[in-house]
Amino acid sequence: VAMETVSLEHQIQSVHRHIAFLKKEQMELLHALHLEILRLQKHCSELTHDLEMKELEARQQEVLDRELEEKCRVMEAQLQEKEKDNLELRKELQHKEMLVAALRSSLRNKERRFLEQLKRRSHRVTILDTELQKQTEAAAYLS
């Protein structure tokens with residue numbers, strides 16, 4: 001009976017050692033799990049922060065995009081207005097160029113008529129001058 005008691009005490013001590021070992025292992029495992037949870041929470045916080053920053057940047061970019069689109073619409077409207085003005089100015093320029101061409105043609109015609117008239121008058125002056133000379137000579141002869 002004494003031997004059985006000693007053997008039973010050894011078994012109890014062995015069970016206590018195993019329990020102590022398992023408690024130690026469980027504590028180490030719980031500590032490691034706690035550290036992993038903290039690391040994951042930190043990583044999750046960082047990812048959440050990154051996501052919030054990206055969402056903020058995306059909202060800001062959307063605002064900028066809308067502002068740029070509005071500026072583009074305004075600029076396109078201004079461009080269309082300028083193109084319309086340019087078209088009107090081109091038409092006006094074309095009309096004025098036609099007027100200038102007509103005035104030049106009229107001026108050339110007037111110049112040609114003037115030169116023809118000048119030529120005729122010059123010829124007439126020459127004829128009259130010749131007649132005057134003849135009459136002067138005749139008057140001188142008669143005198």
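Values below: every heavy atom of this structure, side chains too, minus hydrogens, waters and symmetry copies. Note that the numbering runs from 1 along the sequence shown for the chain.
One distance of note links CG of Leu115 with CZ of Arg120; it measures 11.0 Å at 0.5 Å rounding. Here the straight-line distance linking atom CG of Leu22 with atom CG of Leu29 works out to 11.5 Å at 0.5 Å rounding. Considering CZ of Arg108 and NZ of Lys110, their distance stands at 13.5 Å, rounded to 0.5 Å. The distance from the NZ atom of Lys23 to the CD atom of Gln26 is 9.0 Å, given to the nearest 0.5 Å.
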Using distance only, find each side-chain donor-acceptor pair of residues 67-83 under 3.5 Å and give its atom names and separation, not counting sequence neighbours.
from, atom 1, to, atom 2, distance (Å)
Glu70, OE1, Arg73, NE, 3.3
Glu70, OE1, Arg73, NH2, 2.9

Side-chain donor-acceptor distances from residues 92-106 under 3.5 Å, at least two apart:
from, atom 1, to, atom 2, distance (Å)
Glu92, OE2, Lys96, NZ, 3.4

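Proximity of a side-chain donor or acceptor of Thr126 to a complementary backbone N or O of Ser122 within less than 3.5 Å is detected. Between the side chain of Thr136 and the backbone N or O of Leu132, at least one donor-acceptor pair lies under 3.5 Å.
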Quiz prompt | From CA spacing to verdict: side-chain contact (heavy atoms from CB on, under 4.5 Å), Phe21, Glu25 | solution = CA-CA 6 Å; Phe21 175 77; Glu25 286 291 315; 3.7 Å; yes
Quiz prompt | Working for side-chain contact (heavy atoms from CB on, under 4.5 Å), residues Glu88 and Lys84 | solution = CA-CA 6 Å; Glu88 290 174 12; Lys84 181 181 170 188; 3.6 Å; yes
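The side-chain hydrogen bond (donor to acceptor under 3.5 Å, both in side chains) pairs that include a residue from residues 38-52 are Glu36-Arg39, where partners are two or more places apart or lie in different chains.
Contact of the Gln13 side chain with the Arg17 side chain is registered, since non-hydrogen atoms from C-beta on lie closer than 4.5 Å. Side chains of Met3 and Val6 form no contact here, defined as non-hydrogen atoms less than 4.5 Å apart. Proximity of His31 to Leu35: side-chain heavy atoms (C-beta onward) are separated by under 4.5 Å at one or more points.
Residues Ala139 and Ser143 come closest through the heavy atom pair O-OG, 2.6 Å.
One side chain, Gln61 or Asp65, offers a donor N or O that lies under 3.5 Å from an acceptor on the other.
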